Amino acid sequence: MKSDNSRKVQGSVMVVGSGIAGMQTALDLADSGFYVYLVEKSPSIGGVMAQLDKTFPTNDCAM
Amino acid sequence: MDKCIACGECAAKCPKKVTDTFNAGLATRKAIYVEYPQAVPLKYAIDAGSCIYLKNGKCGFCAKVCPTKAINFEEKPVSVTLQVGSVVLAPGFSTFDPQKLDTYQYSQYKNVITSLEMERLLSATGPFNGHLVRPSDHREPKKIAWLQCIGSRDINRCDHGYCSSVCCMYAVKEAVIAKEHSAEPLDTAIFYMDMRTYGKEFESYYKRAEEEKGVRFLRTRVHTILEDRNTQDLVLRFVDEDGKLIDERFDMVVLSVGMETSKELAALARRLEIELNADNFAATDCFSPVKTSRDGIYVCGAFQEPKDIPYSVMEASAAACWAEADLAPARGTLTKTKTFPEERQVADEEARIGVFVCNCGTNIGGIVNVPEVAEMAKGLPGVTYVEENLFTCSQDSQEKIKDIIEKKGLNRVVVAACTPRTHEALFQETLRDAGLNKYLFEMANIRNQCSWVHSKEKDAATAKAKDLVRMAVARTRLINSLGQPTISVEPSALVIGGGIAGMTSALGLADQGYQVYLVEKEGQLGGNARALLSTWKGDNVGERLAEMIARVTGHQRIAVHTATSVKASSGFIGNFETVVSGGGGDKVLRHGAVVVATGAEEYKPKEYLSGRDPRVFTHLQLDQAIAAGDPRLDSADTVVFIQCVGSREEERPYCSKVCCTHSIKAAIRFKERKPDSQVFIIYRDIRTYGQREYLYKEAREKGVIFIRYDLDEKPEVSDKGDTLAVVVRDHVLGRKIELHANLLVLAAAIVPRDNETLAQMFKLSCNSDKFFNEAHAKLRPVEFATAGIFLAGMAHYPKPIEESIAQAAAAASRAAVTLSKESITVEGVVSHVQQFMCRACGECERACPFNAIAVQEVEEGLRAAVVKEALCKGCGMCAVACPTGAASVRHFGDRSVLTMVETAFAAEA
């Protein structure tokens, strides 16, 4: 958590999993200046949320 | 993969059918497939375990029919070594497999399905296109039962003692949606142990489901399911609340399966050398809820503990926040900013329009006569080039379009294809690559609006496609380049509230290198946590809070303003100006972002002799008495807790979320201190979600007695001199009992503070319970609809420390996205006012939903409406409201819109 790190740090992050959590982490990191490797074992991103029909409490389409 | 245009020819020809796991096994797909129509990336993949060619070396139909030669059977997996500064684990969960439990006959009875299968049955992209039918005979069900806690809260059968946290809510949702999907009235029944609807707006959804939608809730465990061999209906056998044995017939049974960590995932955790807890979730502590046992590796989502979407999203941003703090010195060192050639000035040129007409495989071309549309376009005024594409959106088409813009000197482009919602940004980028302003572009949607909706009338679809292209071309002749205003960003943040949430946000931003102004209205930092003893996991709150306060006050980039309140604020994302008022008078702070972390407070009960009898405590009072060493606590023979005091009632319908866990934790403490004491918890539903369930189990094992009551028969408390008499109806005995308590602890609700004042100042909204509204309940849980303002902690909703910390770090991460930029670019499609026509009537100001336009003095003695472009969303409300026509939206001026109408009604060219 401390930033006063004198060692040279890499400006990149590996995110494992691209469901709703992995995608959000990746977006935050990339949008604020870090290179992201988003690793996903299935052929497309989205995770379980893509399989859901609607989400409560608003009954919005999960897709 | 780059070559694949997702035309689907390969899957159409593939002879191998396999189980479709995306549809939870309810359908089949081919061995070459996309998971679902909206998949990203939209590229076909070969399932190597099923592909005939990869297994036997024969077949290869897909490669033969592929129009772009995208299939290469020789491609082998390769290992890649990456150098990274941090790792974030977001691998998710697996659903519990109910085949292990023979009671429910999941593998034997076709009409017993899991909740994930139910999601697919209900989904429009599911195996029956959202038509709700049961698996055995594809008949519409008339009665469906949901069974809760399948693979959760069960150590006898499945070894998962924890609660999966999300199943109550999704079962209620599925029951409501299933009713909506049914043409005939559908009976839905949910069999449960405790209804755990503890999240924001959950309780009211549950009440609506019961009272308005008629979903039945039965508090009992079904012990046998029998199938009628003839009809394949299912008979559920259970004991009702009065102790009667009941057999009830249903058409379908949905098993509400819980979440678990798969064996593969546990193995991955071991390879990464991070610690897992006994349930195979990543071990974390309450004060750093997304930090694993190994430095630099963070975790978020259901791999940390079962959880829902909003909390997963919060943790995801929290993990990003702390990874960003670790790597702050290297920010921007590995990212590249895309550069574009300088834009050509086209204002003085004659229109030279290029029209690209897309076949979209057979999607458009199979219905609309694309060559005819293209031929017609060639004759339109201003058009200098027309081309047909198989897929205008493919990567090679972008190269071609760019090339043609340069070679033919095109200065405007029309693409007749699909919808701008998904593809406009792609083509606009191609224009920018070719040196054209991105607004010199227009789309005609000849797929959704022609070939899809008129698939049975080919001629009419073609005629309409021609109309749309003529209209688009006519408009395109009149559009011009637009500038996009950039606004500078002040790299600092104002954090309002100095409790755990506010301090976490402040540290998250300051550790990343941004200046923070932390404003607290009390004389000292710490908020509610100052009165709390321990977290549910046992962390000492006092010690951890003191560490946190020391870090905040010692941080060179955090300016702490205690005994200070926010007086006024103006400005917008990147450029706020706020007046705070404290001991030293008023001060003006300039900052680029705001985090609202003003917290909530404990309800002061009027009921149950609270405030009138010294033996009656609230949770915070009890924690403080324990901390102060109150001798009455250790001598009490009988302690009674009453739950939901002020929560889940008419006046305050929400659940306060933290009280069940807090009472149980305290009850265990009484039992540990004095094992022969009697401790009662009088409750409505026990909501120890996630791994908090183990505390509930421990309390029962230690002899804490749980008595359930209903809202219409609340306990009664009276003073009997030496003791307090608590009368409650026992649901097991079926009669009233009287307890004689030495101490009475009330699980008082958590109530919002005065959020209205800040809401008005920053144009924020609150829900009906007076907690602040986030921008989107699922996907934007830490930000407000107003850009640049973020939300954390109990001002959003009651929550325990670990969730406040996750949300606060998340707010810091979202704020850092803005603060990390020197300037931000806003859309060019914004309103503008022609001053000489404006008579300062203020109609636009009243109409604007975004506070983006206001009448002000523009020069001495002259008042006119002025647009704040950073706030304008280009909706056009002001243009409609304006009586003189002074206000209009750029890019959508009257001329360029009306010419489309005229073209539509003109005789065909």
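A quick note: this is a predicted structure, and the numbers were derived from the prediction, not measured.
Proximity to chain B is limited to the side chain of A:Y37, based on heavy atoms less than 4.5 angstrom apart. Heavy-atom distances place no part of B:L121 under 4.5 Å from chain A, backbone and side chain included. Contact of B:K821 with chain A is made through the side chain alone, with heavy-atom distances under 4.5 Å. Looking at B:F202, only its side chain comes within 4.5 Å of chain A, counting heavy atoms on both sides. Looking at B:S115, there are no atoms closer than 4.5 Å to chain A (heavy atoms on both sides), in backbone or side chain. For B:Y33, the part lying under 4.5 angstrom from a heavy atom of chain A is the side chain only. Proximity to chain B (any heavy atom under 4.5 Å) is shown, for A:V36, by neither the backbone nor the side chain. Only the side chain of B:L82 comes within contact range of chain A, with at least one heavy atom under 4.5 Å from a heavy atom of that chain. Using a 4.5 Å cut-off between heavy atoms, B:Q83 contacts chain A through both its backbone and its side chain. Of the atoms belonging to B:S820, it is side-chain heavy atoms, and not backbone ones, that fall under 4.5 Å from chain A. Of the atoms belonging to B:A320, heavy atoms from both backbone and side chain fall under 4.5 Å from chain A.
Within the 4.5 Å cutoff, no side-chain heavy atoms of A:V16 are placed close to those of B:L272. Using a 4.5 Å cut-off on side-chain heavy atoms (C-beta onward), A:Q10 and B:V84 make no contact. Between B:C300 and A:T25, the closest side-chain pair of non-hydrogen atoms falls below 4.5 Å. Taking the side chain as every heavy atom from C-beta outward, B:V313 and A:I20 approach each other to under 4.5 Å. At a threshold of 4.5 Å between non-hydrogen side-chain atoms, the residues B:F93 and A:V48 count as touching. A:D31 is not listed as a side-chain neighbour of B:T818, based on a closest heavy-atom distance of 4.5 Å or more. Counting heavy atoms from C-beta on, the side chains of B:E35 and A:S42 come closer than 4.5 Å. By the 4.5 Å heavy-atom criterion applied to side chains, A:Q24 and B:R814 are counted as neighbours.
Enclosure of atom NZ in B:K213 is not indicated, since only 12 or fewer non-hydrogen atoms of other residues, nucleotides or ligands lie within 6.0 angstrom. Annotation: B:F287, atom CZ; neighbour count of heavy atoms from other residues, nucleotides and ligands within 6.0 Å is above 12.
Of the listed residues (B:G130, B:P41, B:G508, B:S317), the one with the most heavy-atom contacts under 4.5 Å to chain A is B:S317. Per-residue heavy-atom pair counts under 4.5 Å with chain B were compared for A:G33, A:S18, A:A26, and the maximum is reached by A:G33. In terms of heavy-atom pairs under 4.5 angstrom with chain A, the leader among B:V40, B:T333, B:N23, B:T337 is B:V40. Comparing B:G296, B:S813, B:S312, B:G126 by how many heavy-atom pairs each has under 4.5 Å with chain A, the most go to B:S813.
Distance check: B:H776 NE2 to A:T55 OG1 gives 6.0 Å after rounding to the nearest 0.5 Å.
Side-chain atoms of A:Q51 come within 3.5 Å of backbone N or O of B:F22 as a donor-acceptor pair. In terms of modelled atom types and a separation under 3.5 Å, the side chain of A:S44 and the main chain of B:A39 share no donor-acceptor contact. Under a 3.5 Å cut-off, the side chain of B:E119 and the backbone N or O of A:D53 do form a donor-acceptor pair. In this structure a side-chain-to-backbone donor-acceptor pair under 3.5 Å is present from B:K173 to A:K54.
The two atoms that bring A:A50 and B:R120 nearest to each other are O-NH1, 3.9 Å, heavy atoms only. Contact between A:M49 and B:I309 at its shortest, heavy atoms only, is SD-CD1, 3.7 Å.
Under the 3.5 Å distance criterion, with hydrogens and angles disregarded, a donor-acceptor pair is assigned to the side chains of B:E324 and A:S32.
Of the listed residues (B:V87, B:L334, B:L327), just one forms a side chain to side chain contact (heavy atoms under 4.5 Å, CB included) with A:V13, and that residue is B:L327.
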